[in-house]
There are 2 protein chains.
Amino acid sequence: MPVDPKVPGSVWTRPSRPQREQLTREQIVAATIELLDAEGVGTLSMRKLGTRLDAAATSLYRHVANKDELMELVVDDIYGELEIPAAGGPADWRAATTRAAAGLRAMALRHPWIAPELGQAGLAHVGPNTMRVSSELLALFEAAGFPAQEKDRAMGTLMAYVIGIATSEAAYLSLIARSGRTESEWVADQRPRFDEASQEHPRLREGSSARQDVNPKKIRDDDFAYGLDRILDGLAARLDA
Amino acid sequence: MPVDPKVPGSVWTRPSRPQREQLTREQIVAATIELLDAEGVGTLSMRKLGTRLDAAATSLYRHVANKDELMELVVDDIYGELEIPAAGGPADWRAATTRAAAGLRAMALRHPWIAPELGQAGLAHVGPNTMRVSSELLALFEAAGFPAQEKDRAMGTLMAYVIGIATSEAAYLSLIARSGRTESEWVADQRPRFDEASQEHPRLREGSSARQDVNPKKIRDDDFAYGLDRILDGLAARLDA
DNA sequence: GCAAGGCGCGTACGGTGTGCGCTAGCCTGA
DNA sequence: TCAGGCTAGCGCACACCGTACGCGCCTTGC
């Protein structure tokens with residue numbers, strides 16, 4: 001016999017509300033990040049998030065205006081993980097910048113779903129951590145000796161590069177993760193398919209076949225470092241002029 | 001008197017199928033691009049796309065495996081718009097690369113929804129146009145004199161930068177477009193909000209307030225050119241060594 | 001001891017992508 | 001010439017989605 005939920009049980013039989021501690025914004029953000037890390041951005045839903053917090057989906061809306069705003073909060077929270085080295089003198093500018101860039105990339109690879117969001121962020125998001133990171137990065141370029149009109153551009157160049165490369169790395173790693181294979185296995189699996197597709201573009205094959213036996217993670221690390229070094233070379237040259 | 005659609009009208013009264021010309025993959029891709037250009041990626045749905053083609057949403061699935069595959073086709077189709085200058089000698093390498101980068105950025109700004117997709121693409125998509133563009137770009141770096149092990153990396157560096165910067169530009173422009181204002185109006189509107197938010201990070205304000213009265217489009221163009229020049233400087237230096 | 005406000009929740013609405021199986025027209029082969 | 005199979009479009013249905021709304025409980029401040 002189904003009970004009509006409209007008519008609550010008697011005061012005696014009905015348990016008092018399970019005394020849940022209140023939902024908080026921090027809790028919601030933290031749970032969202034766990035869920036995103038575990039399953040990626042495509043399958044995040046307010047209902048799943050609610051379930052994970054033992055709450056109804058609609059309860060979340062007391063603490064967060066909507067899903068987009070939640071994503072903004074989440075992105076800013078992740079930026080909180082980032083430590084930018086303190087600005088030293090012009091001498092260690094390059095080392096500091098390199099470490100900052102590596103930290104940003106590492107952050108994006110720890111949370112592969114975040115890279116596309118970072119790209120979207122730019123001027124629109126003005127969360128506290130985002131601003132702190134920007135400000136600290138800017139300080140690095142300032143200490144390096146970039147004039148006021150240029151430090152913004154120098155930073156923008158670096159950020160565009162790191163976000164760009166991290167986005168494709170993250171997409172690639174997510175794809176592999178979904179396939180259930182290791183990176184090396186996946187690369188080996190895909191080679192015939194890729195070779196066939198690139199049959200009429202032999203130039204595309206050279207690079208990949210030359211590095212066929214190298215650990216793919218090392219390739220990615222080296223590629224990242226290569227581009228970063230070139231960009232810092234270019235910026236350093238500008239500094240000397 | 002409502003007609004039960006389960007019972008089709010008699011053969012005589014029921015019109016023969018309206019002789020629509022067949023749906024084709026090309027048609028679907030073209031319509032998708034129109035829809036995306038007009039309304040952005042967030043509101044694209046298979047049903048809307050069907051309506052635009054005078055077809056049921058489910059009919060599209062005869063020609064396209066699913067929405068993700070459709071997006072891959074669309075991305076590759078857009079890559080078809082791109083003309084990469086032919087590889088000349090080492091002399092005009094820099095000019096050619098600059099033009100290629102500008103073309104890629106222009107493409108991404110013409111179709112602001114594409115930038116995030118480009119980031120995701122990387123190795124996963126192997127459409128014909130994508131491969132042609134990669135191959136032609138690679139030829140540019142080869143002609144410039146980069147050794148076989150390095151031309152891939154040089155290209156990757158450039159692509160990461162252009163995609164990174166275009167992604168945030170595109171996101172920003174889409175935001176403005178949705179607000180219904182012009183870019184200059186929007187910038188002026190946002191200034192107080194931004195100033196307040198950056199109160200405790202004065203460094204963030206310097207750059208933006210210094211350029212307060214410059215045409216924002218020109219700022220974006222100049223910023224892009226600045227980073228591109230630095231990167232090409234860095235790559236050129238490597239070439240000389 | 002009571003009023004007010006904050007919070008969680010049930011329900012509901014208008015979407016989404018897409019699997020399934022029917023139908024009708026076309027092409028093929030006998 | 002005609003039967004039979006193949007194909008493309010479609011209606012329906014399913015399992016989701018984000019989120020507006022309003023009810024009632026619980027806590028807080030007086």
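These numbers come from a predicted model, not from an experiment. Keep in mind that the numbers below use all heavy atoms, side chains included, and drop hydrogens, waters and symmetry copies. Just so it is clear: chains get the letters A, B, ... in the order the sequence lines come, proteins before strands, and each one is counted from 1.
Here the side chains of A/Tyr172 and B/Gln120 are not in contact, with every heavy-atom distance at 4.5 Å or above. By the 4.5 Å heavy-atom criterion applied to side chains, B/Met131 and A/Phe194 are counted as neighbours.
Spacing between atom CD of B/Glu69 and atom P of C/dG17 amounts to 15 Å, rounded to whole angstrom units. In this structure, A/Gln22 places its CD atom 8 Å from P of D/dT28, rounding to the nearest Å. One atom, CD1 of B/Ile28, and another, C1' of C/dT18, lie 14 Å apart when rounded to the nearest Å. Between B/Leu60 atom CG and C/dT18 atom P there is a gap of 11 Å when expressed in whole angstrom units. Computed from coordinates, the B/Arg62 CZ to C/dG25 P distance equals 16 Å when rounded to whole Å. One atom, CG of B/Leu23, and another, P of C/dG25, lie 18 Å apart when rounded to the nearest Å.
In terms of the side-chain contact (heavy atoms from CB on, under 4.5 Å) criterion, residue partners of B/Asp189 (sequence neighbours excluded) are, by chain and number, B/Arg181. Considering only residues two or more places apart in sequence or on other chains, B/Arg132 meets the side-chain contact (heavy atoms from CB on, under 4.5 Å) condition with A/His201, B/Asn129, B/Glu136.
Under a 4.0 Å N-O distance rule, the pair A/Asp222/A/Lys217 does not qualify as a salt bridge.
Here A/Glu169 contributes atom CD and A/Ser174 contributes atom OG; the two are 11.0 Å apart, rounded to the nearest 0.5 Å.
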Restricting both atoms to N or O, compile the protein contacts to nucleotides 18-20 of chain D shorter than 3.5 Å, with distance only.
residue, atom, partner, partner atom, Å
D/dG18, OP1, A/Met46, N, 3.4
D/dG18, OP1, A/Lys67, NZ, 2.8
D/dG18, OP2, A/Met46, N, 2.8
D/dG18, N7, A/Arg47, NH2, 2.7
D/dG18, O6, A/Arg47, NH2, 2.6
D/dT19, OP2, A/Tyr61, OH, 2.7
D/dT19, OP2, A/Lys67, N, 2.9
D/dT19, O5', A/Tyr61, OH, 3.4
D/dT19, O4, A/Arg47, NH1, 3.3

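For A/His63, no side-chain nitrogen or oxygen approaches OP1 or OP2 of C/dG6 to under 4.0 Å. Under 4.0 angstrom from either OP1 or OP2 of C/dC7 there lies no side-chain N or O belonging to A/Ser59.
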